[in-house]
There are 2 protein chains.
Amino acid sequence: MSAPTERVTIKDVAAAAGVSKGAVSLAFNHKPGVSEATRERIFAVARELGWAPNSSARSLSRQSVDAIGLAICRPARLLGLEPFYMEFISGIESVLAERSCSLLLRLVGSLEEEIHLQQRWWRERQVGGSVLVDFHQDDPRLDPLGGIGLPAVAVGHPSLTGGLPSVWTDDATAVAEAVRYLVALGHRRIARVGGPAGLGHSAIRAAAFERTMADLGLDGGLHLETGFSGEEGARATRSLLLASERPTAIVYDNDIMAVAGLGVAAEMGVAVPDELSLLAWDDSQLCRLTHPTLSAMSHDVHGFGAQVARMLFDVIAGQDVPSRPVTTPSLVPRASTAPAPPAG
Amino acid sequence: MSAPTERVTIKDVAAAAGVSKGAVSLAFNHKPGVSEATRERIFAVARELGWAPNSSARSLSRQSVDAIGLAICRPARLLGLEPFYMEFISGIESVLAERSCSLLLRLVGSLEEEIHLQQRWWRERQVGGSVLVDFHQDDPRLDPLGGIGLPAVAVGHPSLTGGLPSVWTDDATAVAEAVRYLVALGHRRIARVGGPAGLGHSAIRAAAFERTMADLGLDGGLHLETGFSGEEGARATRSLLLASERPTAIVYDNDIMAVAGLGVAAEMGVAVPDELSLLAWDDSQLCRLTHPTLSAMSHDVHGFGAQVARMLFDVIAGQDVPSRPVTTPSLVPRASTAPAPPAG
DNA sequence: AGCCCCTGATGAACCGGTAAAGCTCCGATG
DNA sequence: CATCGGAGCTTTACCGGTTCATCAGGGGCT
């Protein structure tokens, strides 16, 4: 016995206000064609009846959708720990809210799954456009999604996103800053614990790391790839610290792995920062909660998301949008980095 | 010069297959009325043309929507660190995906905002129903949302959710288990760092904490309220450890605050677990990354989300759904809890 | 007075599906 | 052999909006 759910439609409002459907539509969309008096009467009636235009009907008629899609392809257990995404989403939403647009979120298990999902979303017109994240080198999504006309904004360096309008952070420059900072502190054996090599931005950071180290005349070969999880960060750190010539500084690709690294150092009795400096990436609140607090490469993830959303709206509006970087991550030194221990 | 975007509609498919719109609709919805041969021909044509039914049109016609809403009212910075939500969402989505239903996610700044949002979502039929989370005592959402016919499932103890079908974890029992465990280890001065008192489940845990302590003849007054953030967890821990008679064990309301507590203990030179035992809540991966690793009250958040989604579908289907608990969190002892130090 | 134009409104067509009623043909039945 | 029933489609009427052509009425101009 579900409630009758008295559906109020535009017709009811029109009847109650003594005008035609068309007039109600004009009034609600703030278009000319109705007098101020009529408009107000219509609004009053609509409020009284608790009416709001049915979004399916509006979409159908207008041939447009007020929703955008975001599919994230990482295990949920990992995502929960990545402060990045929620912050990023919140940035997107800050822009969506202004335009009363909604975010369709989906966690997918593979890029193939994402391809199918995005195709479906677009064919069924469930979304007006999509945000694509986590680009790989030769990303398999580019071909299938490039051709179908889906308006999209890519998050990632233009070298990865195959001509899609993109927003990215200049990770190469940030990596260089991180390395130079550690070198200035006297570190010579610097390691890096990165994300999966297939992931575009990990590769970019890896390359920048090697290059910067080489430029400074140091050995840049000391970097490990992980799957971004804390556990893998811990394992990587453990193996680095067990090496015969262990590094005096480690740069991580996210906060979680840095926290894990800190745990491993403590477990192995390696003093941070006296014997080992650690540098995190993203700089979530987590970095301020550990002891010692974690130095980090910090950036405005919220603003990043907002920028992406704004650009997507432009793309949907049919504008020709140039790719552009957002502000480069910058170093926030805290207690986990210190001058290198005297060579021993 | 946006692409012409040749919109393929059911009419095109019908024409190409040499049948009527109706036949295509029947075929695609797996309803009787078309022969097997025709059905296959229609599918072949649809695949070739890359057609999928327009979701707005379908919603409009069917008077139903294949999306559900979730609004979360916590600061984004905090959410990112709460592994709970992503895991919860992923649980919801595991069920939605089976029914090709989408999740509309919104981060809101206040419960008032959520009320407006949910009302709009429902009036505009953007969602078929909603998941309501983070119930407060005398929650302001109950009145405005109860009356409008929005199908909803509440996450929270029935005492908080005003007659809405609910799913909840038996926090009271879990708190009791936590306390008894610590007491069994010899702890007598046990503190609790909880969430905001207004939040229903915090209140329930607080009450259960006091009651259990009282039952055991101990002082249950030692609990602090926070806003769930790591920083507040750190502050609370600091104040507890500075007290004249400091606790020998602390129970936290989430993982992040426990991690922060661990940081504070280290900073103050209080040995964990020798001088102080810490117990986290939720048991995300984070608990295994610190040193020492964190004992925690663990539960299946993914399954929790799935359960909620399943129930919401039943509600939307018009069934009369009984509220029910999911499995009670259970203790996972790790390295942060140990026998109480000898009284001194 | 006759004409034009502008404002404020109406009515019908349309968006792309679904659903129910209607129509055809065919084999089975009395 | 007329009749009935059902399988297999088609037709048509919605769903609840938007949009556009049309129209009535009133004021200003010649």
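Numbered from 1 within each chain, the chains take letters A, B, ... in sequence-line order.
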Between A/Ser35 and A/Thr38: side-chain donor-acceptor atoms closer than 3.5 Å: yes

Do the side chain of B/Lys21 and the base of C/dG17 come within less than 3.5 angstrom through a donor-acceptor pair of N or O atoms? yes

Can you tell me how far P of C/dC15 sits from CG of A/Asn54, to the nearest Å? 18 Å

Contact residues, residues 26-33 of chain A to DNA chain D [heavy atom, < 4.0 Å]: A/Asn29, A/Lys31

Whole angstrom is fine here: how far is it from CH2 in A/Trp51 over to C1' in D/dG17? 8 Å

How many Å lie between CD on A/Glu36 and P on C/dG8, as a whole number? 10 Å

Do B/Asn29 and B/Arg58 meet the criterion of a side-chain donor-acceptor pair at a distance under 3.5 Å? no

B/Arg41 CZ to D/dC9 C1': how many Å, rounded? 11 Å

Taking only heavy atoms on the protein side, list every residue of residues 61-69 of chain B lying under 4.0 Å from any atom of DNA chain D, sorted numerically. B/Ser61, B/Gln63

Quickly work out the B/Arg7 CZ to C/dG17 C1' distance and round it to whole Å. 13 Å

Can you check the A/Ile10 CD1 to C/dT10 C1' distance for me, whole Å? 13 Å

Please examine the side chains of B/Phe135 and B/Val155, heavy atoms only from C-beta on, and report whether any two atoms are closer than 4.5 Å. no

Could you state the atom-to-atom distance from CZ of A/Arg58 to P of C/dG17 in whole Å? 19 Å

Rounded distance in Å - CZ (B/Arg39) to P (D/dA7): 13 Å

